[in-house]
Amino acid sequence: MTFVTTDMAYIAPLLILTVTGMLLVIAESFFRGRDRAGLMGLAVAGSVASFVASVVLYRQLEPGSSKLIFDGMLVADRFGFALTGLFSVITALVAMSTPAHQREHGWENGEYYAILLLSAAGMTMLAQAAHLVAIFIGVETMSIGVYVMTALRRRSRRGNEAALKYFLMGAFATGFLLYGMALVYGAAGTAELAQMKTKLLATANPEIAIAGILLMVIAFGFKLAAVPFHMWAPDAYEGAPTPVTAFMAAGVKAAAVAAMIRLFGQYLGGDVLPFGAVGWASPMVIIAGLTITVGNIAAVRQNNVKRMLAYSSISHGGVMLVGLAAMGLGSSTGQSSLVYYLIAYSITTIASFAVVSWVGSRDRERLLVDDWAGLGQKHPAAALAMTVALLSLGGLPPTAGFFGKFYVFKSAMDVADNQLIWLVAIGVVNSAISIYYYLRLVTAMYFREPTEPFTPSRSAPLEVVMVLCPIIILAMGLLPGFWLGLGN
Amino acid sequence: MTDTSLQFAGIPLVAWVAALPLLGAFINLLFGRAMSRSMVHVVAVASVAAAFGVAAYLVFGPLLTQFRAHEGEGGVEISRTLWTWIEVGPADSVFKVDLAFRLDTLSGVMVLIITGVGTLIHLYSTGYMSEEPRYAAYFGYLNLFTGAMLILVLGANLPVMFIGWEGVGLCSFLLIGFWFENESYATAGRKAFVVNRIGDFAFLLGMFLLWWVTKSLDFNDIREVAQQGSSQLTSDPHFMGFDRWATIICVLLFIGACGKSAQVPLYVWLPDAMAGPTPVSALIHAATMVTAGVYMVCRLSFLFSLSTTAMLIVATVGTITALAAAFMAFAQTDLKKVLAYSTVSQLGFMFVAAGTGNWVAAIFHLGTHAFFKAGLFLGAGSVMHGMNGSGDITRMGGLRKHMKTTRATFLIYCLAIAGIFPFAGFFSKDEILGGAWAAHLEGWGAYGKVLFVALSLAALGTAFYMWRLYFLVFSGEERSEDAKHAHESPWTMTVPLVVLAALTAVAGFLAFPHLHSLDSKYLHLLSGWLEPAVDGATEAHNADGTTYLLLAIALGIGALGIGIAYSLYGRGPSAKVAGWTAEGEPLHEAYEASKNKLWVDEIYEVIFLKPFRFLARFLFEFVDRFVIDTILVGGWAFLVGLFSRLMRWVQNGQVQRYIVGMVVGAAAIFFFVSRGHSPTFSYKEVPAGVELRAEPGEGLAGVGATYQWDLDGDGQPDRKPGAKPDATDAAAFVSDPVLTVKAGDLAASGVTLWIKPPGGKKAVSVTRAIQFDSPERAAAEGGK
């Protein structure tokens, strides 16, 4: 193994996040009590630096070019840096949403920011992974951090229960992932993604290869909270502190999809027998249809806003699987539409959870739909931010959510012989159903009288997030062209 | 290539003409509530007056210069394209619409009328509407209307014209229902809108068909195609079709014109539209918007000329409208209603002119009518203003004493509409009558003479009902307290009356009749002016003798109508008329028919509205309430509820159950993938023959399989061409998973495919007969 110095430059986002994470561990012992804001500032600074590095690297690469680094462990391409940029932004926004929630709910643990950034480093690794081992390390770095963050609110029984469930189920899923990787390695004789397709086509044991691939589909299905591997998600999302929930819903999901795009879409995709039409794509079509439908129908019945958003995020994961299935079946627009969808979905999710944590306070967390009655009268700006986010989740123009769904479904329609037309139909019907529960919250905010005064947890960084995200959502919806080009 | 001359601030002056009133509307509608009343009307009047100034400069400056220099057809125009509005479709039949404006001699006349009369009516409104609380909204709508109307006439193609067409419809709706607190006024606005939509639908269909035939909607392109079509009618088979299409297209467009210009059977909205403020009736429902249909037909004169059938329909509908509306005006007792029916009737005259190919007369009458009918409405407004808002003519009388200016100008308008020399109506109506008399369209025979007689009757009726109105309002003694205390209106209202009266007095000389004995290039200026824009504008007319005779007849008819009116109503309501029309008397039925407007609204109620309401009720009660609400919505809610109960049972919060769920899911995926489907193959027709595609099944079944085909039906796997007949090695057989063969090479008994999985397992065979269910092929094979 040779060490090439320039390779280090290509993992600058990963390095920046890791180093900042370590610095935060050290800094935590110096920042005490009220100086916690300094920790948040350092975390945001690290994430922004990582974002800037991603932008620089992105612009430095030619569109469509890709470069293997570290002996094929990682890859440097525009797709990867678009996603490391996205993950950096997610991390910064989540960090900014946190102090208010920590102050109100009394979990001012300084190690939080360190774990957040290290977990984000795992995500950037997933975005650049080109080797089964890199994928595994990325997934575990990311997941372990999130398990810990879920458990940080030690005095909350729900939080502890959520963390334990999440951890147990996650461990179980890791088993699937590792076993799948082992089988694929056994069948192909290589763990490098770039060579995998050729090797697998010539394999003497196709059954083993397919079994391995299916096990990996199941493991990623767990990370993505796809039905029927989704059952941890509502409990974990509800029990975790709201900013952590935002990180789980936006970041972890996006990172899992990034890895799936790499593994299945880019390296094992296309209409080549046996890995396109009959390998992983056809079970994924069914999982996608189930995920969209089950997530949606469960969300219809929820009165708890966080749980409703959890089920809604399950349903959105289903739409991402539609895009993946489309990529697997040879749609050329699948990747760019998925990247657009990931950006739109992440920003929207963070916006919605930011408003959720803003509305609640120490005594009243205000998680029920009824608690939101009259927000539009009392706090029109917050209600507007939530409305924009909800409309985007529901996929109504002119928001980012509309074009996200539109592009993903369009890429599914690009698949030859209309193979995915039923999946698209299911997706569109479910979009219509989803409007019901999103608008239920909107009607509560605008058309009902407030029952008790609101005591929002005010905090400047949180309010910046609540202003910034809706602007991005609308910008993406009004000028979709630029954002759509990012994924190529 | 863009022409940068005649621009101001980078925008062509032609576009400024329409943009100025729109700018005024923008200011008044957005900021009007915060502005003072005087600011509001200064903006409103100034924007339209400025548009008039720009239009006058363009028409009497550059356009007149071009007109003087031109020879032959076309070419006198100022065309400017702002940008390409729509561009879609394949390169060979691209649907391209520019946002383009064109000022030619025809639209020049219209623009001057719209902005000129529009300025006067805006000025008049400042007095008439001075007590109105929603002052800025009123002027905003009025400006918006003017802008839309200018877009309508300046549009260089049908879609741009349609923007204006819809825009004026919207403003008409807004202004008819301006006092929407009164429910019947709001209903009148809605009626106008709905009836217009019926016409607009036909207009759109006509537009689509026209594009389909000509591949362009620009008026100049349509003109080019139409003129080729009419000369190549027999030699070019394509245009044989075009002749028929011309009829359908023209009839559809004419239905659109019927809606906008209030012709039978779509005229019913216009009398109700009198609910709007009187200046609105003058501007929109007399002078400008209702003439849009006439303008459109004249704009497409070269297209309508292609179809005698369409022309016949236009002329006939116009005649029926002229007669029926004149009849309905006889017994009306509301000042504005009489004027409304008069407008419908006069629009009928214009369509007869258009239908007899007498385009210049149509535009001429449009212009003179704009002057005197706008004047009549403004005069009526002045009278009602003085009468405390009442329009009931039975309560008026003797107003000559109280309203001198209004009465003098009203007299001139009434002389003009009755067709008395030398006022404008005399010339324009005579042009139409003379044109009908001389109509020589192919296959018409003496139909023109029939039209002439019918129109003469309508003209007689016109003179009668207008003078009945005049005598009842101004002559005799006051019949109510309001009439005794009537007062003259302020100068802002009387000045427009005087200006319009002056125009009414002189405008007729713009088109002095064609008389060979007076031959001079200064006679009938209008036909020379319009010649570049409309079809056959300078065609020869009647010989001198006939012309003099027709002039005399027209004058006689007018005088006769006035005489009858005077003898009956000269001194107030007539006891004689009351006697003739009493119950049981001979004229009773006719009087009732006129008073009840021939019961047309009632007939429409029974024929259209009742069935429609029934259908609406049915859709609401059965389809919406029962099928959708109960079955579909309720059913879904039930299913969702059931499903979520199942989900709650699974999602009970225990990790053990979650893990069971995960394992079951994983097992299901493995089962689904490894189950596979029974192997088969598919076939489809491709240009080269038939494509056969092996489908070994889902999942593992296809991995590493080998294929053998039997195409010739001998029960044995086929070998590759050139392979030894007894070769048994795998390479000798046809083994492609996808292959294309000629249809004739396939055996009738069917094709067999063997799929052999790897690892020495047993091969699976499948046999299918190749059949196509397309009827053409079945017929061809059946015939063999």
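Chain A is the first sequence line, chain B the second, and so forth, proteins listed ahead of strands; every chain is numbered from 1.
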**OP:** Evaluate the criterion side-chain contact (heavy atoms from CB on, under 4.5 Å) for residue pair A/F172 and B/V663; output intermediate values, then yes/no.
**Re:** CA-CA 10 Å; A/F172 196 61; B/V663 170; 3.7 Å; yes
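The neighbour count for A/K410 NZ, taken as heavy atoms of other residues, nucleotides or ligands under 6.0 Å away, does not exceed 12. For B/F626, the CZ atom sits in a loose shell: 12 or fewer heavy atoms of surrounding residues, nucleotides or ligands are nearer than 6.0 Å. Shown here is A/F167, whose CZ atom has no more than 12 heavy atoms of other residues, nucleotides or ligands within 6.0 Å. Summarising the local packing, OH of A/Y147 is surrounded by more than 12 heavy atoms from other residues, nucleotides or ligands at distances under 6.0 Å. Environment of CZ in B/R657: crowded, with over 12 heavy atoms of neighbouring residues, nucleotides or ligands closer than 6.0 Å.
Smallest separation of non-hydrogen atoms from A/F229 and B/A666: CE2-N, 3.8 Å. Closest approach of B/G665 to A/P228, counting heavy atoms only: CA-CG, 3.4 Å.
Looking at B/M662 and A/M231, their side chains never come closer than 4.5 Å, going by heavy atoms from C-beta outward. With a 4.5 Å cut-off on side-chain heavy atoms, A/I297 and B/L639 do not count as touching. Side-chain contact between A/L215 and B/F670 is present, with at least one heavy-atom pair separated by less than 4.5 Å.
Applying the side chain to side chain donor-acceptor pair (under 3.5 Å) test to residues at least two apart or on different chains, the pairs with a partner in residues 166-181 of chain A are A/E140-A/T174.
The OH atom of B/Y658 sits 12.0 Å away from atom CG of A/L168, with the distance rounded to the nearest 0.5 Å. Between B/I669 atom CD1 and A/M284 atom CE the span is 9.0 Å, to the nearest 0.5 Å.
Proximity to chain B (any heavy atom under 4.5 Å) is shown, for A/V294, by both the backbone and the side chain. For chain B, the nearby part of A/Y311 is the side chain; its heavy atoms alone come within less than 4.5 Å. Interface remark: A/I286 contributes side-chain atoms only to the contact with chain B (heavy atom separation under 4.5 Å). When heavy atoms are compared at a cutoff of 4.5 Å, A/L290 does not approach chain B at all.
Every residue meeting the side-chain contact (heavy atoms from CB on, under 4.5 Å) condition with B/E181, not counting sequence neighbours, appears here in chain and number order: B/W179.
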